[in-house]
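Computed from a predicted structure; not experimentally measured. A note on names: the letters A, B, ... follow the listed sequences, proteins ahead of strands, and every chain is numbered from 1. Any value given below was found using the heavy atoms of this structure, including those in side chains, with hydrogens, waters and symmetry copies removed.
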Amino acid sequence: MIENLVIVESPAKAKTIERFLGEAYTVRSSFGHIRDLAKKNLGIDVDGGFVPQYIVPADKKKMVKELKDLAKKSNVVWLATDEDREGEAIAWHLFEELGLEKEKTRRIVFHEITKNAILDALKNARHIDTDLVNAQQARRVLDRLVGFELSPLLWKKVKPSLSAGRVQSVAVKLIVEKERNIQQFQAKRYFRVTGNFAVPDGKGGRTILKAELSKRFDNLETAREFLAICQTSDFRVDNIEKKPVKKSPAAPFTTSTLQQEASRKLGFSVNQTMSVAQKLYESGKITYMRTDSVNLSKLAIGTAAEQIKEAFGEEYHKSRNFTTKSKGAQEAHEAIRPTYMNQPSVDGPRAEQRLYELIWKRTLASQMSEAKLEKTVITIMVSGAPERFVASGEVLKFDGFLKVYMESTDDEQEEETKGLLPPVKVDELLDRDEIEATERSTPQPARYTEASLVKKMEELGIGRPSTYAPTISTVQNREYVVKENREGGVREMVQLKLKGDSIKQEVINEKFGFEKSKLFPTDIGTIVNDFLEANFQNIMDFNFTASVEKEFDEIAVGVVDWPTMIERFYTPFHEKVDTATETSERSKGERILGEDPESGKPISVKIGRFGPIAQIGEASDEEKPKFASLLKGQSLETITLEEVMDLFRLPREVGKFEDEDIIISVGKYGPYVRHKSKFFSLANTDDPYTIESDRAIEIIKEKRTQDEKRNIKQFDEEPDLLILNGRYGPYISFKKKNYRIPKSRKPEELTLEECREIIEKGGTKRKK
DNA sequence: CAGTGAGCGAGCTTCCGCTTGACTT
């Protein structure tokens, strides 16, 4: 017999709790949800009042049976799943599936994994909250209905295997809309004027006071006029204003803010952040990493305080409690923090060390004093013009939390570092050193990174901490969105410089528009988005989730009956699905761009069977149309007639090498050189339209030497058998199959006999 | 691994939110 069986969601949590509770308690985990809707026929009896059909997935059966056996032998079963909608539902599914008896079952919750919190929870047991469970059932059923009715519609109207859903479709919409904003964006040019003034530094030397003109000029003429006035003007200090400024630390990490900061400071993808955090959590170094709470336990606040006072002194400490601002936060856990605040660093892989350090610093800083700065603003009058120059500087009076941590921003605008300003007095006349008017361009809207998309989704209340990373993977796996780098362009900017008595004009080449690891919509993503927008406006509305969440809340407090709410949503929704099935055309994103000057046939672009293509002529023509695939980075929406005509210039023959033709073309994996029926990829910097034979031969030779390095060894008597160097180290390749080489052997010393032996044994087999 | 773009039809794809493994040759 077992006295007490406690069931939590996570095995790492189970281990910790078992330690706190002692021998009278057996602690197990459910590994999240144990049941889900059946996949066949929606898994919902729509006509019978939306009755869900739950099943235990195959990979959970063994675990559920084990729990069931343990539960039978237990006097009391404590359901200690998370205190939120999903956690309550997991408790209920456990109750149902394990066949628990009400008198022997207790529902308990805790928000932090500390001994006191757990002991406290045991004293405050309650029953399962059926209303809250119903709110979860409504959420689950709604998501299934939306996902499993919209996706098949897309298979019919766009392309097989596509998907749509309450969360992913809105995430794609954000990216599509951003791209369109950028396409429509009209940059404005303007002139920014800066002045350098020489000031005695009080030690016999001179120092420079940098200031910016409060006005920007729209064009070169007005900027030049102003500089001409400056030529003969005096510059006098008009006003000096000093004021104290305080900076406060950011709240401790949630999943979303951790993903953002790890992206900005460490360059991690959201997936990478989560898997590294998972490792830290499993080894007991940090608290749970999927959370929307900024709350810290009393224990953490206490140990942080000790740590701060000891390391930096009393004046650096300020205890704070943060409250969450994010929509729909359920706060079932603590913020993400180190388990032990007195450990500034940990052992382990570099990525774990770095992420841990980030978490430690952020948590510590959140309990530290504000930084105190003194901000100084100096205004300078120009005798010949009404405009004024303004110089501003900041001096750190007390560093406070900045001693350990400073939050980064997504803003890419270069902020000039402003330090201490030189000592000047009101009415002092300044020596003009140099005045510059530099042409600038208003910045285009910033494309999303993975992390900034998560931030936006959190703001809209779309998705949960456990789904941000998987959703971002889904939209990329479906090829709605691609993450990539894109080359920018170069533009000419005019600069005017007034130095001494002369004004010089110069043209500067400025790079712009370079994008690194940004999210771009694909043609399919755009077409699916437009199709959904045209037919399901309500689901694509950014407020859809927020408004259904309100209804789930009403179910959770018992005001609304859940099948009624679902019925209200489903009836009009299903009608729209039916209408779209019958009336909408297949969406191919077709655009007609013009006529082929040679044949007079129409030139168009659309989505073909294998992706975006350009086409000359129509399928109904006597002669078959000519086709060419679009290149990477080109899109149906923005490609021009000129660019399409270029596509038909491939494949090109550029010459001969070793008596065989060299052919340039573009395939599924980008531009390539073909020679002796072998393929060689072009580099990013090579242009398939202009590349000549010399460069093509160079590419062929480069690839050949590379292949030699890949080949470790081969045998004349058995040409099919190769010892190669691959992604996971050396291996044997034989008749299209690969075999692992035992670690104890040096690959270059293997004989043919030994290789055959390894093949015979089948290498190391995959374990099942 | 790279060229394709006819047509038919069977069988399959898909959601969100909880959780961890698996593991490449």
Side-chain angles (χ1 to χ4, degrees), chain A residues 8-13 29-37 39 42-43 59-60 63 81-82 84-87 89-90 93 136 139-155 159-169 275 278 281-282 288 290 330 332 462-468 470-471 474 478 545 606-615 619 624-629 650-651 663 665-674 677-681 723-734 737-741 747 758 762-768:
Chain A
V8 296
E9 292 177 36
S10 146
K13 202 166 163 180
S29 79
S30 73
F31 293 82
H33 272 293
I34 57 153
R35 297 202 300 194
D36 193 14
L37 295 174
K39 292 223 173 192
L42 290 181
D59 57 333
K60 295 256 177 176
M63 189 268 308
T81 49
D82 296 346
D84 57 17
R85 203 161 62 199
E86 298 297 326
I90 292 173
H93 282 301
Q136 193 274 347
R139 198 279 304 155
R140 181 68 193 91
V141 166
L142 181 129
D143 281 337
R144 170 56 68 86
L145 290 170
V146 170
F148 275 36
E149 295 217 353
L150 288 186
S151 301
L153 184 61
L154 293 179
W155 306 343
K159 203 180 131 174
S161 304
L162 295 177
S163 65
R166 174 177 57 83
V167 173
Q168 59 168 282
S169 295
S275 72
Q278 176 87 28
Y281 167 65
E282 282 170 8
Y288 196 57
R290 291 185 275 262
Q330 306 196 6
I462 294 164
R464 304 276 314 130
S466 67
T467 60
Y468 294 138
T471 302
T474 300
R478 297 266 175 277
T545 291
K606 68 172 187 193
I607 287 277
R609 267 211 305 158
F610 309 106
I613 46 166
Q615 167 177 348
K624 269 211 298 184
K626 279 201 271 182
F627 295 102
S629 295
L650 296 176
I663 293 169
S665 194
V666 174
K668 197 171 159 192
Y669 302 99
Y672 63 85
V673 183
R674 198 174 73 206
S677 66
K678 275 194 172 166
F679 295 89
F680 308 87
S681 291
I723 303 179
L724 300 174
N725 217 345
R727 219 153 51 108
Y728 311 107
Y731 66 100
I732 298 170
S733 163
F734 182 61
K737 279 195 172 172
N738 298 327
Y739 303 87
R740 193 187 299 175
I741 296 170
I758 291 169
T764 323
K765 274 270 160 22
R766 230 192 274 180
K767 279 174 208 152
K768 289 232 165 153

Inset, instruction - Represent DNA chain B in dot-bracket notation, 5' to 3'. Only Watson-Crick or G-U wobble pairs with both distances under 3.5 Å count; pseudoknot-style crossings use [ ] and interstrand partners use |. - result: .........................
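For the side-chain contact (heavy atoms from CB on, under 4.5 Å) test, residues two or more places apart in sequence or in another chain that qualify with A/S169 are A/A164, A/L532, A/M540. A/F680 meets the ring pair (Phe, Tyr, Trp, His ring centres under 6.0 Å) test with no other residue; sequence neighbours excluded. For A/F31, the ring pair (Phe, Tyr, Trp, His ring centres under 6.0 Å) test picks out no residue, with sequence neighbours left out. Residues satisfying the ring pair (Phe, Tyr, Trp, His ring centres under 6.0 Å) test with A/H93, not counting sequence neighbours, are A/Y54. By the salt bridge (Lys or Arg N to Asp or Glu O under 4.0 Å) test, A/D84 pairs with no residue at all, sequence neighbours left out. The side-chain hydrogen bond (donor to acceptor under 3.5 Å, both in side chains) test applied to A/T471 returns no partner, not counting sequence neighbours. Applying the ring pair (Phe, Tyr, Trp, His ring centres under 6.0 Å) test to A/Y288 and every residue at least two apart in sequence or in another chain returns A/Y281, A/H333.
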Inset, instruction - Sugar-phosphate atoms are those with a prime plus P, OP1 and OP2; base atoms are the rest. Using that split, label each nucleotide of nucleotides 16-21 of chain B B, S or - for protein heavy atoms under 4.0 Å, 5' to 3'. - result: BBBBS-
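Straight-line distance from the CZ atom of A/F610 to the P atom of B/dA6: 9 Å, rounded to whole Å. Going from atom CZ of A/R609 over to atom C1' of B/dC8 covers 12 Å, rounded to whole Å. Atom P of nucleotide B/dC15 and atom CG of A/L162 are separated by 10 Å, given to the nearest angstrom.
A distance of 4.0 Å separates CZ of A/R166 from CG of A/D143, quoted to the nearest 0.5 Å.
The residue A/S29 sits apart from the nucleic acid: no heavy atom pair falls under 4.0 Å.
Comparing B/dC15, B/dG3, B/dT13 against the side chain of A/Y672 picks out B/dG3 as the nearest.
For A/F148 and B/dT14, the ring-to-base geometry satisfies the stacking test (centroid distance below 5.5 Å, interplanar angle below 30°). By the criterion of a centre-to-centre distance under 5.5 Å and near-parallel planes under 30°, the ring of A/F627 forms no stack with the base of B/dT4.
Dashed line: the shortest gap from a side-chain N or O of A/S163 to OP1 or OP2 of B/dC15 is under 4.0 Å.
Judged by atom type and distance alone, A/S681 reaches the base of B/dA2 through a side-chain donor-acceptor pair under 3.5 Å.
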